[in-house]
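Heavy-atom basis, side chains included; hydrogens, waters and symmetry copies ignored. These figures come from a predicted structure and were not determined experimentally. Naming convention: chains lettered A, B, ... in sequence-line order (proteins, then strands); numbering from 1 in each chain.
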There are 2 protein chains.
Amino acid sequence: MSTKLADSADKSAPGGSQTLLRGLDVLDVIAKGPVDVARLAAALGLSKSTAYRLASTLVERRFLVFTPREGYSLGPKLMQLGYAARNQTALVRVAEPHLMQLSSVTEDTVHLAMLDQRKVLYLNIIPGQRRIVISSRIGERQPLTSTGLGKALILNRSEKEWEQFYIEEGSKHRSQQSFAAWLKRMKDYRRQGITLDLEENEANIRCVAAPVLNEGGDIIAAISVTGHAQNMTDDRMRSLSEDVLHTAQAISADLGYSGG
Amino acid sequence: MSTKLADSADKSAPGGSQTLLRGLDVLDVIAKGPVDVARLAAALGLSKSTAYRLASTLVERRFLVFTPREGYSLGPKLMQLGYAARNQTALVRVAEPHLMQLSSVTEDTVHLAMLDQRKVLYLNIIPGQRRIVISSRIGERQPLTSTGLGKALILNRSEKEWEQFYIEEGSKHRSQQSFAAWLKRMKDYRRQGITLDLEENEANIRCVAAPVLNEGGDIIAAISVTGHAQNMTDDRMRSLSEDVLHTAQAISADLGYSGG
DNA sequence: ATTTCGATTTCACAATATAGAACGATTTCG
DNA sequence: CGAAATCGTTCTATATTGTGAAATCGAAAT
């Protein structure tokens with residue numbers, strides 16, 4: 001289990017470039033919403049002139065845009081790079097045809113997501129034939145323990161880790177189910193290799209999800225089929241489970257996984 | 001005379017933070033494809049150790065990911081910020097309901113795009129009811145002079161500018177039409193307030209587009225309806241033109257434009 | 001016209017980034 | 001199987017670069 005994790009949350013900058021780090025911090029601050037120079041400086045704990053210079057540099061490169069009345073906001077360069085980042089992921093390219101097929105077979109919305117810092121990060125969304133209001137977007141991040149995708153992404157973790165995740169997101173559980181009940185379901189899911197979301201994250205929305213494995217057998221992503229509760233009867237979900245599981249396994253196989 | 005002061009011919013001098021700029025340059029290099037430290041250093045004209053430190057800092061913040069065999073590639077943080085950047089744009093939020101409606105009326109794919117560095121940058125895509133293979137993605141960038149959206153985005157420019165754009169993208173014109181013919185059409189489009197793409201950018205794909213104006217009357221975006229050539233008869237395109245124009249005007253109005 | 005607020009610029013100082021060389025761990029090749 | 005090459009990583013002295021405080025500029029607001 002010895003993985004070399006650079007887990008230090010050290011702010012004193014060993015091995016890191018301070019100026020670059022501060023510039024990236026600027027992006028994080030502005031991602032929360034537009035701010036002017038003074039507030040930016042305050043949020044970073046820097047002088048106004050330093051904050052200004054960093055922000056100006058980012059504007060020059062179109063990572064930020066400056067609006068006279070409002071302040072700085074995120075710029076188009078980030079959309080461009082976000083798109084490029086997504087396309088560089090081998091997973092996305094490999095999975096796409098499988099997702100298309102799954103979507104056309106089920107006629108429902110199909111998602112691909114990965115784990116990113118204890119959140120579900122959407123990588124791809126194939127809208128279904130039925131016209132659903134899709135509230136999820138590529139690049140968006142959702143909670144782990146109350147979504148089908150999230151539960152699939154942590155399906156092979158220990159019960160200790162499950163508990164940590166669950167506690168962290170305590171506020172996200174609308175149905176106020178106890179951890180014991182949640183744990184019991186997770187164990188069922190683990191046995192079956194698929195997970196469900198029974199309107200836990202969003203009312204009236206249900207989904208079936210399954211993990212995707214890399215050649216080493218690690219869970220690196222998850223896929224799901226999502227639909228309105230009215231279409232998602234128990235029978236249909238059972239049948240969907242098979243489709244989802246098969247597709248997930250097909251993607252895993254394309255990624256080099258050859259386990260049972 | 002201070003001898004070491006910024007010589008004006010130097011590109012790195014004014015207003016910018018060098019280290020941050022170099023860090024951002026790293027992202028640009030890696031956006032073209034994964035590279036290892038040595039190649040990165042070469043591409044930037046920096047020493048290996050400097051390139052390494054910049055890249056490591058970016059990895060620490062998840063702007064990059066490092067893969068032992070391949071080198072550095074763009075990280076999930078960029079997807080996250082790309083998503084946030086898109087959502088911060090007032091235009092996207094204002095336009096969305098209008099686009100949804102246009103899509104459901106026309107049953108075809110609807111696009112929203114803005115001008116970004118002489119390219120068409122896609123901001124939103126509403127897939128139509130008809131199942132088209134959508135090759136366009138949010139964050140992607142396409143040429144200006146051969147797409148409906150692109151032509152709409154430069155509809156109010158001078159003929160001199162048009163010529164510049166056209167020459168710049170000379171290689172993009174598949175149908176080898178002369179500039180004179182293109183110019184003539186642009187003038188027609190300007191008169192009508194809408195633009196067309198008659199399979200100029202992609203075979204078998206046609207679209208109708210119109211510009212979106214801000215309160216000052218500047219073109220800040222464009223919308224379009226796209227479909228297979230077989231569905232896009234001259235009659236239908238005439239009728240679509242009206243829908244597209246109305247929607248574009250409605251969005252412009254929501255943005256504060258109140259001109260004729 | 002006056003005030004106020006925020007965005008820029010200036011400047012002397014010292015903190016920080018820099019390159020190059022050395023190291024260590026792989027992988028490639030003979 | 002051993003030698004050489006390759007690639008990532010660490011170290012350190014040097015000066016380039018970033019830094020904050022205060023001054024300046026510009027544009028709204030009063």
A:Arg53 side-chain N/O to D:dG18 phosphate OP1/OP2 under 4.0 Å: no

Would you please name every residue forming a side-chain contact (heavy atoms from CB on, under 4.5 Å) with [X], sequence neighbours left out?
| X | answer |
| --- | --- |
| A:Thr89 | A:Leu91, A:Val92, B:Met79 |
| B:Tyr189 | B:Lys151, B:Leu155, B:Arg185, B:Met186, B:Thr195, B:Leu196 |
| B:Glu161 | B:Arg157, B:Ser158, B:Phe165 |
| B:Gln164 | B:Arg118 |

Contact class for B:Ser49 (heavy atom, under 4.0 Å): base, sugar-phosphate, or nothing? base

5'-most by nearest nucleotide on DNA chain C - B:Arg69 or B:Ser47: B:Ser47

Using the test salt bridge (charged side-chain N to carboxylate O under 4.0 Å, His left out), find all partners of B:Asp116 that sit at least two apart in sequence or belong to another chain. A:Arg62, B:Arg141

Show each protein N/O and nucleotides 4-8 of chain D N/O combination with a separation under 3.5 Å, one pair to a line.
unit_1	atom_1	unit_2	atom_2	d
D:dG8	OP2	B:Val37	N	3.3
D:dG8	O6	B:Lys48	NZ	3.4

Return the set of residues passing side-chain hydrogen bond (donor to acceptor under 3.5 Å, both in side chains) with A:Glu163 (not counting sequence neighbours), or none when no residue passes. none

Among pairs that include at least one residue of residues 19-71 of chain A, which meet ring-ring contact (aromatic ring centres under 6.0 Å, His included), considering only residues two or more places apart or in two chains? A:Phe66-A:Tyr72

Charged N-O contact under 4.0 Å between A:Glu60 and A:Arg53: no

Salt bridge (Lys or Arg N to Asp or Glu O under 4.0 Å) pairs touching residues 64-76 of chain B, sequence neighbours excluded, are none

Bounded by its outermost nucleotides with an atom under 4.0 Å from a heavy atom of chain B, the footprint on DNA chain C reads C:dA17 to C:dT28

Would you work out how much the helix from C:dA1-D:dT30 to C:dG30-D:dC1 bends between its ends, with each end axis defined by five base pairs, to 10 degrees? 50°

With side chain to side chain donor-acceptor pair (under 3.5 Å) as the rule and sequence neighbours excluded, what pairs involving residues 27-48 of chain A come up? A:Asp28-B:Lys77, A:Ser47-A:Ser49, A:Ser47-A:Thr50

